[in-house]
Amino acid sequence: MKRIPIVILLLITSFLFAQNTGSISGKLIDKEYNDEPLPFANILIKGTTTGTTSDIDGLYQFEALAPGAYTLIFSFVGYETQEITVNVESDKVTTLNVMMGASAASLDEIVITTTTRKESEAALLLDQKKAVEIKQSIGADELSRKGVSDAAGAVAKISGVSKQEGSSNVYVRGLGDRYLNTTMNGLSLPSNDVNKKNIDLNLFSSDIIENVSISKAYSSRFFGDFSAGNVDISSKDYKGNGFFDFNVGSSVNTNAADKTFFRSEGTSYFGYYNRYDNNPFAVVLSHGFDPQQAETPIDVSFGGAFGKSFDFENGSRISFYGTGSFENGFAYRRGSNVDYTNVEKKAFEDAEEFEYSTKTTAMASVNYKINSAHSIKFNSLFINNASDKVGYFGIDGSGRNRDAILNTDEGFYQMNVQFNQNLIFVNQFTGRHKFKDNLYELDWGIGYNVVNAHEPDRKRISVENYQFALDNDASTLPSFYSNVVFDNQRYFQNIYDDEFNGRLNLSYNPKENLKINVGFAGRTKERQFDNIRYGYDLIEANTPITNVNDLNSFFTLDNLNIGNSGNGAYEIKVINNFPGLSNTNRPGLSENTYNGNIDIYAGYSNAELNVGDTWLFVPGVRIENINQEIAYDVINLGAAGNSSISSNETIFLPSLSIKYGIKEDQNLRFSASQSISLPEFKEVAPFVYESISQRIGGNPDLLGTTNDIAYTNVNDVSYSKILNLDLKYEWFISKTELFSVGAFYKQIKDPVNQVVAFDATGTQRFFRTGEQAEILGFEAEIRKNFLMYDDKEEAKLSAGLNFTYMHTKQDLYETIIGTYSVSFNKNKEELQGASPIILNADLNYSPQIGNYKPTANIICSYFSDRIDALGSGQLGNVIEKGIPTLDFVLKNQLNNKMELNLGIRNLLNPTIQYFREGTSVGDVLVTSPNGKDVTDYKRGLSIGLQLKYKF
């Protein structure tokens, strides 16, 4: 009983004390990033140990403070530290909002802060939490830690994403190239490949990437051609007093290290071909067949970056950032090359391919911050990407060809020497402006892109009885195979893409809980394509070859049969001759051409409505006018090959996104939308590209037809309509930890698939194969810290795992009759490109030994078997075999200026395979237009060192 008065006294004292205290609260604002909230900043009461950090919304609070004056210290690495004194009154909340920015004194550290704001895992998780749509990002910090060198490797670490081995194809939720969009800073990017809709993400080195994000749910601000997702690359920026860094690295591939390498004659070490200005016929006459021996197969990379900011007295700032890099690579593949459709046409069970690749990247940006409300930026990017391949097929003398003249069962051999160069120019001008105390915000961008993609002077030679070249018997010689003129050929191809694009978004914030966006977007793109072949017509049947490794001694001007003299060994033929000129030993006109145009103009509106503190509703609508046209002149359609087709559509695309904040650190999201999928130029143009054993071409019927009488199951449809549904739960455990699970559903009307024809050619084309396809999937992701440092919020041991399971199905027409025809012997199939299982995982260990802090990473990924192309008639599908990959990356920060890194990639070294299902002899290994020219090969391990130094 004596304790009761004491308890009552304590309660009364606490009550009286509480009545005589006050509090301080406020918000930190980052003026370096357009007045966005500044999270994770430190706030300390001077002279005490009492402190806190700002939360993800930049908010902070001190409670139960005795009345009086307090000095608060606000700090954030690289920003100016501020000390502000405030008075606390009893029973009152003192509000103190602070604008944080960089000062001249701290500019040297800005590179660590203002850039990492959008590069760090913590900042990107914050961005994901606050995003109005379902999106995921990976930033420069994580790319560096995992040793990821380009954007393709970056997106492949995001849940539901996989990369096709041997190509640049990226699959998101089982949907490939034709169902994706790629942008840079929110503006459209061009394709660098005639066979692709999207630009090769391998081209974007980590030096120019601030972060890469994938928006998997459609929003009205995206172009309607949105199915699996939109990949956006945010280019690096810089704000600071000045820096310069340089890096150099080298690596070797275990497959290539001991090989004598070959590459095209006439190409440079840096991936340039300097004969573009010459007529192809002049090149044929002047330069021979034989490849040349290459340098020692050691990969080399080097690059550098610089930045500088200038501050002015009126508060404005102009910042410069530039980066440039070069890297090359030697790859050796040994496997098989088989052309098998309904029967075996060609089979090289032993084939090898040497590939020398280069990538040169340069980017410059100028960012002018007029004041805290207005900023503009210019960004220019140049990429030169080249691939130089030399392939030998049938090197053991056992190659088979059912169309061979001398021996169908043995001795068929082909050599293919091929150089591809892609020159890409991207120029962007963007701006952001705020008016009337942030009541209005204007965000705009203009872009101009150019792509020059060349395949100059591809050389292909065909040989019979090649086994005689291996027997060391001078009396037996191989001979040229010449069933048609172009069995021995020189091939030239040019692609020129030209694109203007722009966006404009006006935001209106009438209330704290309401934001209205109204915008316009447009793009106009044109492609010009042409190719020409020159074939060698051998005068004498079965012309012998003295030395298969010295073809230059045969294809000389002295051996050219001029004027039907009969004294030469060969003549040069072309398909389309100049008027008045012969098609023999004379230059010619292009063999195939097409010009494609697409114009898209769209208006949209959406609203971001916050209801209470928990609900966010984002209804939106987009109206798009799409005009597509392609005019072609191709030889494979005969008299019908000179024609054109066009379509014009106006579409209405609604969308709805709902976010429910279960708790401060947990979200539940739902999204529903209507989007479309447009055919690409290469899918529509009926030009056929021929590799060693594959043929792939387009189909103009994808833009629709009204020819109901002659055609069957070819509708007047120029796009696929897609219903998208997403449901996702997110738990942001800490600023670097995440757990999420989600489900998604897609329904595709009039889907397009890549199909292998059931005929002797086995040409692959694109068809609208049925009325509907469906995808039902599940995603899960976790990022977890296991060991933390005691004195800092930093993980010593952490791991990440994401997993996706998908079930897909589509119906198939029994017969399709149109410009091209195809049939199917079943009415259901899985969706092309969809792996039922996708998995990515990584383990990170960062111990600290004195001042030495290495970072070790083990990164793995896996995708299960998927359909590469649908079989038709009695043909089975072409399957891409699923593979696991495992990489080890060790980063060593030796001091604050020097870094030495080790990477060992492809530790498991799996076998890369494509095979055709269910032939009369079982599953048969084949090659794919989506892969390399050999199958059943190993990539080898890549072991490399990199040194970075910062001045």
Side-chain angles (χ1 to χ4, degrees), residues 39-42 49 51-56 75-77 112-113 116-117 119-129 136-148 153-154 156-159 206 211 663-666 729-741 780-803 839-862 884-896 898-905 907-908 946 948:
F40 316 134
N42 297 313
T49 58
T52 186
T53 59
S54 55
D55 67 12
I56 57 177
S75 63
F76 187 78
V77 178
I112 305 173
T113 58
T116 57
R117 282 289 317 280
E119 295 178 357
S120 70
E121 295 174 67
L124 291 172
L125 278 181
L126 168 62
D127 184 57
Q128 179 178 330
K129 178 182 184 296
Q136 289 173 267
S137 302
I138 183 169
D141 280 5
E142 190 174 354
L143 297 184
S144 176
R145 175 170 61 81
K146 294 180 179 179
V148 176
K157 306 303 179 188
I158 294 175
S159 62
S206 56
N211 63 70
K663 295 181 179 180
E664 184 180 348
D665 57 356
Q666 297 178 50
Y729 165 76
E730 301 170 324
W731 177 19
F732 299 87
I733 304 169
S734 73
K735 67 180 185 180
T736 57
E737 294 179 300
L738 168 72
F739 172 73
S740 69
V741 291
E781 179 178 13
I782 185 167
R783 301 186 199 179
K784 180 63 179 172
N785 300 326
F786 295 104
L787 293 176
M788 304 291 293
Y789 285 102
D790 295 334
D791 57 342
K792 50 181 90 169
E793 295 182 15
E794 190 175 348
K796 181 185 294 186
L797 179 65
S798 62
L801 171 70
N802 63 68
F803 171 83
L839 183 144
N840 300 294
D842 66 274
L843 181 66
N844 170 258
Y845 181 54
S846 302
Q848 185 156 359
I849 307 166
N851 294 325
Y852 174 56
K853 187 180 178 183
T855 301
N857 288 271
I858 296 176
I859 306 109
C860 67
S861 62
Y862 171 76
T885 61
L886 182 65
D887 299 336
F888 172 76
V889 177
L890 177 64
K891 298 184 69 66
N892 289 284
Q893 190 75 43
L894 303 180
N895 52 49
N896 61 352
M898 188 178 295
E899 188 177 310
L900 182 64
N901 304 319
L902 168 70
I904 306 175
R905 307 184 189 282
L907 284 162
L908 299 178
Q946 181 192 53
K948 287 186 175 183

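Throughout, numbering of the chain's residues begins at 1 and tracks the sequence.
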Could you state the interatomic distance from [atom1] ([X]) to [atom2] ([Y]), rounded to the nearest 0.5 Å?
| X | Y | atom1 | atom2 | value |
| --- | --- | --- | --- | --- |
| Ile782 | Leu738 | CD1 | CG | 8.5 Å |
| Ser798 | Phe786 | OG | CZ | 8.5 Å |
| Cys860 | Leu843 | SG | CG | 9.5 Å |
| Asp665 | Ile733 | CG | CD1 | 8.5 Å |
| Leu894 | Lys853 | CG | NZ | 14.5 Å |
| Phe732 | Arg783 | CZ | CZ | 9.0 Å |

Please name the pair of heavy atoms, one in [X] and one in [Y], separated by the smallest distance, quoted to 0.1 Å.
| X | Y | answer |
| --- | --- | --- |
| Arg905 | Asp887 | CA-OD1, 3.2 Å |
| Ser846 | Ala795 | CB-O, 4.2 Å |
| Thr53 | Asn42 | CG2-OD1, 3.4 Å |
| Ala41 | Phe76 | CA-CD1, 3.7 Å |
| Asn901 | Lys891 | OD1-CA, 3.2 Å |
| Gln893 | Tyr852 | O-CD1, 4.2 Å |

- When you measure from the side chain of Glu737 to the backbone N and O of Asn785, does any donor-acceptor pair fall under 3.5 Å? yes
- Message: Can a donor-acceptor pair be found, under 3.5 Å and without considering hydrogens, that links the side chain of Asn840 to the backbone of Asn802?
- Response: no
- Item | Candidate pair Asn844 and Thr855, rule side chain to side chain contact (heavy atoms under 4.5 Å, CB included), full reasoning | CA-CA 7 Å; Asn844 170 258; Thr855 301; 3.0 Å; yes
Any [X] side-chain heavy atom under 4.5 Å of [Y] side chain:
| X | Y | answer |
| --- | --- | --- |
| Pro884 | Leu886 | no |
| Met898 | Asn892 | no |
| Tyr845 | Lys796 | yes |

- Task: Run the numbers on Phe739 and Val741 for side chain to side chain contact (heavy atoms under 4.5 Å, CB included), then give the verdict.
- Result: CA-CA 7 Å; Phe739 172 73; Val741 291; 3.6 Å; yes
